Amino acid sequence: MIIENAHVVTVSGEEYPDGHIVVDGDRITAVGPGSAPDGALGAEHERIDARGCLATPGLVNTHHHLYQWASQGMVTDGTLFEWLTTLYKPWSKMDAEVAAGAATAGLAWLAKSGCTTSTDHHYLFPKGRGDLFAAEIEAAREVGVRFHPCRGSMDRGASQGGLPPDEVVEDLDTVLAATADAIDRYHDPSPGSMLRVAVAPCSPFSVSRDLLVESARLARDKGVRLHTHLAETVDEEEHTREQFGMTPAEYMDSIGWLGPDVWLAHCVHLHDTDVKRLAETGTGTAHCPSSNARLGAGIARVADLLAEGAPVGLGVDGSASAELVPLAGEVRQALYMQRARYGPAALTARQALEMATLGGARCLGREDEIGALEPGRLADIALWRMDGFRAAIDDPVVAFAFGPVPPLHRLIVGGRTVVDGDALVTVPQDEAARRGADAHRRLMRLAEEVL
């Protein structure tokens, strides 16, 4: 395909106010000003007139919990710990049918907000409820997005000083065996991969030291990445200081959990030494501004992390702690919340867009393949309509970052159209929404005995 007449933002440096992008197969072969050169592709190709559109790299979602689509709108006024201790109960009744419906709706919603690559952190595996991990992988294949599912885990229940009830945790050997199996079955390290698996123990307050250490060893033996929650709330810091005598970041550093193969969700409550240490080790951060605001957790020190050179991406987090939040909307949230805390020069529109694209790619170890519009990279492209009312703003990047989410003219993943005319075209859009609603109703029926 040839895309022409767009305002092209490569993110890696160049911008072309009236530019073109040439796609051959699943790769970008040319990007530049004006029309595409004659003979850029053979006679049989699709030509897209993107006049009035902003072309950006596809957005990268670095943190999510897709199953939570089925439990939105609950515990609307609680802290993170209050929210978790209430929702562990219905989540413990989740089955593969719930996971499949929630993942389909959640990924469809992400695609409609410009997301071409998404992670998912799934850490609850109730016994006898089917293959939940396989269910979400199939949903991603059907929707058509690039997927990085994280095989999560919890082995430290309330009887061992953890937060979750004992009935929702697994033992160490079960976790390690299931995680190794997930990597062996699904992880595709090849160039252009649509599916890569990460190892993701849930959090310092729900996981034993042994599980963290052994998970890191497993991930590095298998050559996959590591992910977990960290420093999300003041409660968490109090918990880790009481249990381990250290801050969350110090604790993870002490057991080898910082490094260029690690990205951490939230990182709201970091100390100056933590910020520097994350930057020194190349550890990434998944910034989830709406979820952190919804739960009253605080505002992450994103401006400080970026100033130190640490990788930072954006994430919507679970749908139950950030109801119906579009990934593109987190660009605006991140921009405004950093400015609310640090002043109007804390973050620019282009920095916020970079976090949503190339920053996320860096967190996932794919900065050479996705996150920028350059020849040789994967053809993951979002075309946003910036005409109409938005045309009153001369700079379309400012209009995109400062305003509401614009209509999505086209979303392309590896050269394949997933959204066209602001409508999903892989899974019927109404069906994806229905599956999500059905998943919610099914989970509530299954959970009646514990609510």
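Worth saying up front: this structure is predicted, and the values here are computed from it rather than measured.
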Might you point out which heavy atoms bring [X] and [Y] nearest each other, and give the distance in Å?
{"X": "Val419", "Y": "Leu424", "answer": "CG2-CD1, 4.0 Å"}
{"X": "Ala102", "Y": "Ala439", "answer": "N-CB, 3.6 Å"}
{"X": "Asp380", "Y": "Gly414", "answer": "OD1-N, 2.8 Å"}
{"X": "Thr62", "Y": "Cys363", "answer": "CG2-CB, 4.2 Å"}
{"X": "Cys202", "Y": "Val207", "answer": "N-CG2, 3.4 Å"}
{"X": "Arg390", "Y": "Ala399", "answer": "O-CB, 4.4 Å"}

Which distance, rounded to the nearest 0.5 Å, do you find between the [atom1] of [X] and the [atom2] of [Y]?
{"X": "Met94", "Y": "Leu443", "atom1": "CE", "atom2": "CG", "value": "7.5 Å"}
{"X": "Asn61", "Y": "Thr119", "atom1": "CG", "atom2": "OG1", "value": "5.0 Å"}
{"X": "Asp304", "Y": "Tyr342", "atom1": "CG", "atom2": "OH", "value": "4.5 Å"}
{"X": "Thr285", "Y": "Leu314", "atom1": "OG1", "atom2": "CG", "value": "11.5 Å"}
{"X": "Arg151", "Y": "Ile183", "atom1": "CZ", "atom2": "CD1", "value": "10.0 Å"}
{"X": "Leu172", "Y": "Ser153", "atom1": "CG", "atom2": "OG", "value": "9.0 Å"}

Would Leu305 and Leu270 satisfy side chain to side chain contact (heavy atoms under 4.5 Å, CB included), going step by step from the backbone distance to the final call?
-> CA-CA 10 Å; Leu305 287 165; Leu270 297 179; 4.1 Å; yes
Assess, by modelled atom type and distance only, whether the side chains of [X] and [Y] contain a donor and an acceptor separated by less than 3.5 Å.
{"X": "Gln333", "Y": "Ser290", "answer": "yes"}
{"X": "Ser208", "Y": "Asp210", "answer": "no"}
{"X": "Thr10", "Y": "Glu374", "answer": "no"}
{"X": "Arg366", "Y": "His148", "answer": "yes"}
{"X": "Asp317", "Y": "His63", "answer": "yes"}

State whether the side chain of [X] and the backbone N or O of [Y] hold a donor-acceptor pair below 3.5 Å, judged by distance alone.
{"X": "Arg377", "Y": "Glu367", "answer": "yes"}
{"X": "Arg156", "Y": "Leu163", "answer": "no"}
{"X": "Glu4", "Y": "Ala36", "answer": "yes"}
{"X": "Gln338", "Y": "Ala300", "answer": "yes"}
{"X": "Arg339", "Y": "Leu347", "answer": "yes"}
{"X": "Thr233", "Y": "Glu236", "answer": "yes"}
{"X": "Ser193", "Y": "Pro189", "answer": "no"}
{"X": "Arg196", "Y": "Ser190", "answer": "yes"}
{"X": "Thr283", "Y": "Val262", "answer": "no"}
{"X": "Arg141", "Y": "Met194", "answer": "no"}

Begin from the C-alpha positions of Val427 and Arg435 and carry the test side chain to side chain contact (heavy atoms under 4.5 Å, CB included) through to its verdict.
-> CA-CA 11 Å; Val427 179; Arg435 290 188 202 176; 4.2 Å; yes
If we only count heavy atoms from C-beta on, is the [X] to [Y] side-chain gap below 4.5 Å?
{"X": "Thr426", "Y": "Arg416", "answer": "yes"}
{"X": "Leu107", "Y": "Phe147", "answer": "yes"}
{"X": "Leu408", "Y": "Lys112", "answer": "no"}
{"X": "Leu59", "Y": "Thr357", "answer": "yes"}
{"X": "Pro149", "Y": "His122", "answer": "no"}
{"X": "Glu14", "Y": "Val31", "answer": "no"}
{"X": "Cys150", "Y": "Trp263", "answer": "yes"}
{"X": "Ile381", "Y": "Ile21", "answer": "yes"}

Would you sort out whether Asp274 and Asp253 count as a side chain to side chain contact (heavy atoms under 4.5 Å, CB included), showing the intermediate values?
-> CA-CA 9 Å; Asp274 300 333; Asp253 197 11; over 6 Å; no
For the pair [X] and [Y], find out whether any cationic side-chain nitrogen is under 4.0 Å from an anionic carboxylate oxygen.
{"X": "Asp272", "Y": "Arg301", "result": "yes"}
{"X": "Arg27", "Y": "Glu369", "result": "yes"}
{"X": "Glu237", "Y": "Arg241", "result": "yes"}
{"X": "Glu323", "Y": "Arg294", "result": "yes"}

Give the C-alpha distance, both sets of side-chain angles, the deciding distance and a yes or no for side chain to side chain contact (heavy atoms under 4.5 Å, CB included) between Ser319 and His64.
-> CA-CA 8 Å; Ser319 305; His64 205 13; 3.6 Å; yes
In this structure, which one of His229, His121, His227 forms a ring-ring contact (aromatic ring centres under 6.0 Å, His included) with His266?
->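 Answer after filtering His229, His121, His227: His229.
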Listed by chain and number, what are the salt bridge (Lys or Arg N to Asp or Glu O under 4.0 Å) partners of Asp387, not counting sequence neighbours?
->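 Result, salt bridge (Lys or Arg N to Asp or Glu O under 4.0 Å) vs Asp387: Arg385.
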Only pairs at least two apart or in different chains count here, so list each side-chain hydrogen bond (donor to acceptor under 3.5 Å, both in side chains) that has a residue in residues 392-407.
->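 As it turns out, the side-chain hydrogen bond (donor to acceptor under 3.5 Å, both in side chains) pairs with a partner in residues 392-407, which skip direct neighbours, are Arg350-Asp395.
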Quick one: ring pair (Phe, Tyr, Trp, His ring centres under 6.0 Å) partners of Trp384, sequence neighbours excluded?
->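 So Trp384 forms a ring pair (Phe, Tyr, Trp, His ring centres under 6.0 Å) with Phe400.
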Heavy-atom neighbours of Trp91 CH2 exceed 12 at 6.0 Å =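 Yes, the 6.0 Å shell around CH2 holds more than 12 heavy atoms from other groups.
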Fit a plane to each ring of Phe205 and His239, take the angle between them on a 0 to 90° scale, and name the class: parallel (under 30°), tilted (30 to 60°) or perpendicular (over 60°).
->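 Geometry flag for His239 against Phe205: perpendicular rings.
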